[in-house]
Amino acid sequence: DWQHGPGDITFNRLVRSSGSISTLVKELAALERQIFDFLGFQWAPILGNFLQIIVVILGLFGTIQFRPRYIVVYTVWTALWVTWNVFIICFYLEVGGLSKETDLMTFNISMHRSWWREHGPGCIRRVVRPSSPGTLDDYSYVSVTGCIIDFQYLEVIHSAIQILLSSQMICNTKCCTNTVLRKCGNTELEFH
């Protein structure tokens, strides 16, 4: 049993509420990203976003129920999620020999690219007919002009937002874990 002083219950509610609200914001950001990755047939990010959504739900449960195992799993996943988003930033900015023109994000399954490539803010999409008759129409014959911001920068912004949200969640997770340990009178995590 926990020993509660007058301010302890309020502090516990504050920690739980801030963690829950932050987790819900992160969940909404992951869902928004998942939608646009589905629209662009970006299978690698779709898989990553799906795992992110599942682990964020576990993290939310761990925060609300003060379950140290879930909090630790969530923290480890968050480090992997940040790494993935750094990779996406490097991919779209073509750092270290990576090229945004490869089929890496689609697992070479389709010729699609980022949905933002053709549908970004201010973009005017025009289908250009193939020069040789009998050639199949695909995304290589789409001309896009007038974009306010290029698609790769929109993808970088999405990843940067995910990194910022993850950094904030690491702070919330640390606060929640410290609260659990202090309330239990432990200095180490116990997994039951």
Side-chain angles (χ1 to χ4, degrees), residues 21-61 73-170 172:
I21 291 169
S22 298
T23 304
L24 288 174
V25 168
K26 191 170 181 183
E27 187 76 13
L28 289 174
L31 286 170
E32 179 266 342
R33 188 172 181 182
Q34 182 78 319
I35 289 168
F36 288 110
D37 287 340
F38 262 119
L39 290 172
F41 300 99
Q42 303 257 19
W43 299 112
I46 288 169
L47 181 61
N49 292 333
F50 176 74
L51 291 172
Q52 169 70 358
I53 291 166
I54 297 299
V55 176
V56 167
I57 291 170
L58 286 175
L60 180 61
F61 179 75
V73 167
Y74 179 73
T75 303
V76 170
W77 171 255
T78 300
L80 292 171
W81 183 245
V82 167
T83 304
W84 169 251
N85 281 286
V86 168
F87 169 76
I88 290 177
I89 289 171
C90 292
F91 178 78
Y92 281 107
L93 294 179
E94 297 185 330
V95 175
L98 295 170
S99 173
K100 64 182 176 280
E101 300 303 323
T102 63
D103 293 327
L104 183 64
M105 293 296 177
T106 62
F107 293 138
N108 292 327
I109 295 174
S110 67
M111 296 191 61
H112 294 83
R113 300 283 188 268
S114 171
W115 184 81
W116 296 107
R117 179 180 221 136
E118 298 175 18
H119 303 93
C123 291
I124 300 168
R125 182 178 181 263
R126 188 178 53 155
V127 177
V128 179
R129 297 288 171 222
S131 58
S132 59
T135 307
L136 296 175
D137 288 332
D138 63 21
Y139 279 78
S140 62
Y141 297 107
V142 173
S143 170
V144 179
T145 58
C147 296
I148 295 171
I149 184 169
D150 290 335
F151 77 94
Q152 66 264 24
Y153 300 119
L154 288 169
E155 293 287 356
V156 167
I157 290 168
H158 272 97
S159 290
I161 289 170
Q162 291 293 324
I163 291 170
L164 289 174
L165 289 172
S166 295
S167 299
Q168 189 227 357
M169 287 307 298
I170 288 172
N172 283 352

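We use all heavy atoms of the structure for the numbers below, so side chains are in, but hydrogens, waters and symmetry mates are not. We're numbering straight along the sequence, starting at 1. All figures in this text were calculated on a predicted structure; none of them were measured in a lab.
Contact of the M105 side chain with the P45 side chain is registered, since non-hydrogen atoms from C-beta on lie closer than 4.5 Å. Between Y74 and V56, some side-chain heavy-atom pair lies under the 4.5 Å cut-off.
Checked against the 6.0 Å centroid criterion, the rings of F87 and W84 qualify as a close aromatic pair.
Donor-acceptor pairing under 3.5 Å is recorded for the side chains of Q52 and W77.
For F50, the CZ atom sits in a loose shell: 12 or fewer heavy atoms of surrounding residues, nucleotides or ligands are nearer than 6.0 Å. Within 6.0 Å of the CZ atom in F36, the count of heavy atoms belonging to other residues, nucleotides or ligands exceeds 12.
Of all non-hydrogen atoms in I88 and S159, the two that sit nearest each other are CG2-OG, 3.2 Å.
The CZ atom of R125 sits 12.0 Å away from the CZ atom of R117 when rounded to the nearest 0.5 Å. Here the straight-line distance linking atom CG of D37 with atom CH2 of W116 works out to 10.5 Å at 0.5 Å rounding. Separating the CD1 atom in I89 from the NE2 atom in H158 is a distance of 12.0 Å, to the nearest 0.5 Å. Rounding to the nearest 0.5 Å places SG of C147 at 8.5 Å from CD1 of I124. Atom CD1 in I53 sits 5.0 Å away from atom CD in Q34 (nearest 0.5 Å). Summarising the geometry, atom NZ belonging to K100 is positioned 4.5 Å from atom CD belonging to Q152; distances are rounded to the nearest 0.5 Å.
E118 places no side-chain N or O within donor-acceptor distance of the main-chain N or O of V144, the cut-off being under 3.5 Å.
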